[in-house]
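To start, the structure itself, in structure tokens.
In what follows, chains are A, B, ... by sequence order, proteins preceding strands, each numbered from 1.
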Amino acid sequence: AQSVAQPEDQVNVAEGNPLTVKCTYSVSGNPYLFWYVQYPNRGLQFLLKYITGDNLVKGSYGFEAEFNKSQTSFHLKKPSALVSDSALYFCAVRDPPGRGSYIPTFGRGTSLIVHP
Amino acid sequence: GAGVSQSPSNKVTEKGKDVELRCDPISGHTALYWYRQSLGQGLEFLIYFQGNSAPDKSGLPSDRFSAERTGGSVSTLTIQRTQQEDSAVYLCASSFRLAGGGGDTGELFFGEGSRLTVL
């Protein structure tokens, strides 16, 4: 069974500083990994994904994430945080096509707060 | 419209009443998902539709919950005899995938959710 863990309920960072939101996963085979962002009273919005290829993937709004197979991690990063990045971030994992379910499993979410 | 549309955006009901939540996916998207988001609980999978295949209902929490998808497009999630623990935001998402798995880009496109409050 696939699972994903976001060990931090909340991350606080000062504007202009780098940010990291952690995610670890468990899935058989090569995973599909995703990050989504949720602003208040809105649905989830896709940020980036890893399917295959380069371990460092770049996404929307200057975010990037690094796939680390040995550590089964997919941490979300940004070199310089903005106040407007404050939101709820979800990591998700899914089996690759033909290896299981097409249903992604989501983490519990991490609240990112960027202080001015 | 261009995105996933859900209605109503807010629903307040009394314990024991039935409710229906509607989802209109992105045109052409073959896969449709329902998730439930409770405070501090992340996203809980409820049900998944793919084309004309039988839906995956493995996430429905009880037989009070049901969903259908008519004509491969609009979906309705029905909760019968609502309980206070059903209070949550119900999120719908869609994606494109061919029957054999081709065209699968993986990411889901979410609606803004239906907030259900059971008094």
Side-chain heavy atoms under 4.5 angstrom apart, residues restricted to Ile, Leu, Val, Met, Phe, Trp, Tyr: same cluster for A:Y36 and A:L47? no
Gap between atom CG of B:L91 and atom CG of A:L44 - 0.5 Å precision: 6.5 Å
Given the options A:Q45, A:Q6, A:R42, which has more heavy-atom pairs under 4.5 Å with chain B than any of the others? A:R42
Answer yes or no: are there more than 12 heavy-atom neighbours, outside B:L119 itself, under 6.0 Å from its atom CG? yes
Over 60° means perpendicular and under 30° means parallel, so classify the ring planes of A:Y102 and B:Y48, tilted if in between. tilted
Linked, directly or transitively: A:Y32 and A:Y25 (ILVMFWY side chains, under 4.5 Å): no
Can you measure from CZ (A:R94) to CG (B:L108) and round to the nearest 0.5 angstrom? 8.5 Å
If you count every heavy atom of other residues, nucleotides or ligands that lies below 6.0 Å from A:N30 atom CG, does the total exceed 12? no
One should read off an interatomic distance between A:Y39 OH and B:E112 CD, to the nearest 0.5 angstrom, of 13.0 Å
Would you say A:W35 ends up clustered with A:Y61 if hydrophobic residues are merged whenever their side chains have heavy atoms under 4.5 Å apart, either directly or through other cluster members? yes
With the side chain counted from C-beta on, respond yes when B:Q37 and A:L88 share a heavy-atom pair under 4.5 Å apart, and no when they do not. yes
Exercise: identify the closest heavy-atom pair between A:F46 and B:E107: CD1-CB, 3.5 Å
Taking CD in B:E85 as the centre, count heavy atoms belonging to other residues, nucleotides or ligands within less than 6.0 Å. Is the count above 12? yes
Give me the atom names and distance for the closest heavy-atom approach of B:Y33 to A:P104. CE2-CD, 3.7 Å
Rounded to the nearest 0.5 Å, how far apart are OH of B:Y35 and CZ of A:F90? 11.5 Å
Do A:V27 and A:I51 sit in the same hydrophobic cluster, where Ile, Leu, Val, Met, Phe, Trp and Tyr count as joined when their side-chain heavy atoms come under 4.5 Å apart? no
